[in-house]
Amino acid sequence: MAEFKQSTKLRNVLYDIRGPILQAAQQMEAEGHRILKLNIGNPAPFGFEAPDAILVDMIRHLPHAQGYSDSRGIFSARTAVSQYYQTRGIQNIHVDDIYLGNGVSELITMSLMALLDAGDEVLIPTPDYPLWTASVALAGGKPVHYLCDEESGWQPDLEDMEAKITPRTKGIVVINPNNPTGAVYPGETLKKIVALAEKHGLVIFADEIYEKILYEDAVHVNMAALTGDDVLCLTFSGLSKAYRVCGYRAGWMAISGPKKDAADYLEGISLLANMRLCANVPAQHAIQTALGGYQSINDLILPGGRLLEQRNKAYDMLNAIPGVSTQQARGAMYLFPKLDPEVFHIRDDEKFVLDLLREQKILVSHGRAFNWVRPDHFRMVTLPLVKDLEEAINRMGDFLSRYKGN
């Protein structure tokens, strides 16, 4: 019989957040073990619920959401997104510059497939959200990673970024607030990235899905507010995180800058949008209500809010474990702790995570799944209740007190 193998296009495509480690956890669950999953930023399993207004609005529109919509999305939702950016001081994003998608993930892939030829390069932070690296590779491009400096709060190393620009470079990915580190970039840093993009004629891909999840004095600056009409900027955001509806798959891409100069590229995006027909129509009806209504995320990030208190507890407890240190997250819902190589002689961080899983029934993600350069970090979500985080991190500490490496 014929043997069927996966396409060679997938040779360099990796997404280890849902890779072999998750498969091992699922096997353990099938055997009756209870696994505490700290590996994926999915608020719902931890008791975070969508605002009632979003649910009500979706239900009311279901009878009218049975057919396809415009491939870019329904007009009311795209208008709401455009108006939201106007409130952020961005006047050059209009209704027809908005594409709605089945989450940001689909739109990331579409935007890169429409742009890249074989061998074209895209600058991506390390550590990164690995879908960016995987999508560049899937589109035939070459992911090139610029360093973010842990000692400076995981800020981008702008000298490293510029040093890696070549004649094949097409764009720069900026993830702000950052997943997995929780860094929030100041306006001056973003302005310097814009200047680099303008100097070298690059597209900026601004992943801003966590823009509303900010702690204490952190301020988010939309990249499109800085690029103006001089630099092509594709901004990605959606409802998944701030509105706790990951399963609805309601995201958007907003295009700003010199759109006339990018007409051929944007035609390619429209072609791909037409090919997938449209995004999930019921979820599109949630966008206007979400953006225009009460922003309940603020109740979770202000003093006394769950997300803030859980972040603080996880930060304090992790830094109290000998040999473990972590920068404080200023946004998002993750920490990216470091395991001191002088204390833990870890050569394979994937094996470390599997060892933790098998002994303590705790699932985290290894640092190299985020294209980090060394096997000395892991990512964990800060979504569980404080009491559950206390139990989990105490068990981690017990495990690490006996774990010397692999």
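Just so it is clear, the values below take in all heavy atoms, side chains as well, and ignore hydrogens, waters and symmetry mates.
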Trainee: Heavy-atom count around K212 NZ within 6.0 Å, excluding the residue itself: above 12?
Mentor: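 Above 12, so yes.
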Trainee: Would you please test D128 and V173 for side chain to side chain contact (heavy atoms under 4.5 Å, CB included) and show each step?
Mentor: CA-CA 9 Å; D128 72 341; V173 174; over 6 Å; no
Trainee: Any chance you could measure H94, atom NE2, to S82, atom OG, to the nearest 0.5 Å?
Mentor: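 Interatomic distance, H94 NE2 to S82 OG, rounded to 0.5 Å: 7.0 Å.
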Trainee: Can you name the nearest heavy-atom pair linking G41 to R379, along with the distance?
Mentor: N-NH2, 4.2 Å
Trainee: Is any NZ, NE, NH1 or NH2 atom of the basic residue among E188 and K191 found under 4.0 Å from an Asp or Glu carboxylate oxygen of the other?
Mentor: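 Yes, charged N to carboxylate O under 4.0 Å.
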Trainee: More than 12 heavy atoms of other residues, nucleotides or ligands under 6.0 Å from NZ of K259: is that the case?
Mentor: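 Yes.
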Trainee: Among all residues two or more places apart in sequence or in another chain, which pass the side chain to side chain contact (heavy atoms under 4.5 Å, CB included) test with V343?
Mentor: D340
Trainee: Could you tell me the separation between the CG atom of L357 and the NZ atom of K37, rounded to the nearest 0.5 Å?
Mentor: 10.5 Å
Trainee: Consider only side-chain N and O atoms of N371 and T126, and report whether a donor and an acceptor are under 3.5 Å apart.
Mentor: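 The answer is no; no qualifying pair exists.
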Trainee: More than 12 heavy atoms of other residues, nucleotides or ligands under 6.0 Å from CZ of F399: is that the case?
Mentor: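 Result for CZ/F399: enclosed.
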Trainee: Would you call K313-E390 a salt bridge at under 4.0 Å N-O?
Mentor: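 Answer for the salt bridge query: yes.
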Trainee: Between K199 and E162, is there a salt bridge with N-O shorter than 4.0 Å?
Mentor: yes
Trainee: Taking the six-membered ring for Trp, are F370 and W132 closer than 6.0 Å centroid to centroid?
Mentor: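 Judged by ring-centre distance (under 6.0 Å), F370 and W132 do not meet the cut-off.
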Trainee: Ring centroid separation for Y334 and Y210, is it under 6.0 angstrom?
Mentor: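 Here the rings of Y210 and Y334 have centres that are less than 6.0 Å from each other.
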Trainee: Check for me whether the distance between the ring centres of F378 and H366 falls short of 6.0 Å.
Mentor: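 Between H366 and F378, which both carry aromatic rings, the centre distance is not below 6.0 Å.
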Trainee: Cation-pi check, R311 to Y215: give yes when NZ or CZ is under 6.0 Å from the six-membered ring centre and within 45° of the ring axis, no otherwise.
Mentor: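 Satisfied, under 6.0 Å and within 45°.
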Trainee: Where is the tightest heavy-atom contact between S69 and I74, given as atom of each residue plus distance?
Mentor: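 Nearest heavy atoms, S69 then I74: CB-CG2, 3.8 Å.
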Trainee: Centre-to-centre under 6.0 Å for Y403 and F344, is that the case here?
Mentor: no
Trainee: Locate the shortest heavy-atom distance separating V231 from L202; write the atom from each residue and the value.
Mentor: CG1-O, 3.7 Å
Trainee: State whether the number of non-hydrogen atoms from other residues, nucleotides or ligands found under 6.0 Å of R34 atom CZ is greater than 12.
Mentor: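 No, not enclosed.
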Trainee: So, are R78 and D96 salt-bridged, with charged N and O less than 4.0 Å apart?
Mentor: yes
Trainee: Could you tell me which residues satisfy side chain to side chain contact (heavy atoms under 4.5 Å, CB included) with C246, sequence neighbours excluded, listed by chain and number?
Mentor: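 With sequence neighbours excluded, C246 shows a side chain to side chain contact (heavy atoms under 4.5 Å, CB included) to N42, P43, S240, K241, given in chain and number order.
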Trainee: More than 12 heavy atoms of other residues, nucleotides or ligands under 6.0 Å from CD of E267: yes or no?
Mentor: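 Result for CD/E267: open.
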Trainee: Going through the distances and angles, do V381 and N39 end up as a side chain to side chain contact (heavy atoms under 4.5 Å, CB included)?
Mentor: CA-CA 6 Å; V381 302; N39 63 316; over 6 Å; no
Trainee: Give a yes or no on whether a salt bridge exists between R244 and E49, defined as a side-chain N under 4.0 angstrom from a carboxylate O.
Mentor: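 No.
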Trainee: Salt bridge check, R306 against D299: does any charged N sit closer than 4.0 Å to a carboxylate O?
Mentor: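 The answer is no: the pair does not qualify as a salt bridge.
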Trainee: Does the side chain to side chain contact (heavy atoms under 4.5 Å, CB included) test come out yes or no for N178 and Y185, once each step is laid out?
Mentor: CA-CA 8 Å; N178 186 267; Y185 304 151; 3.4 Å; yes
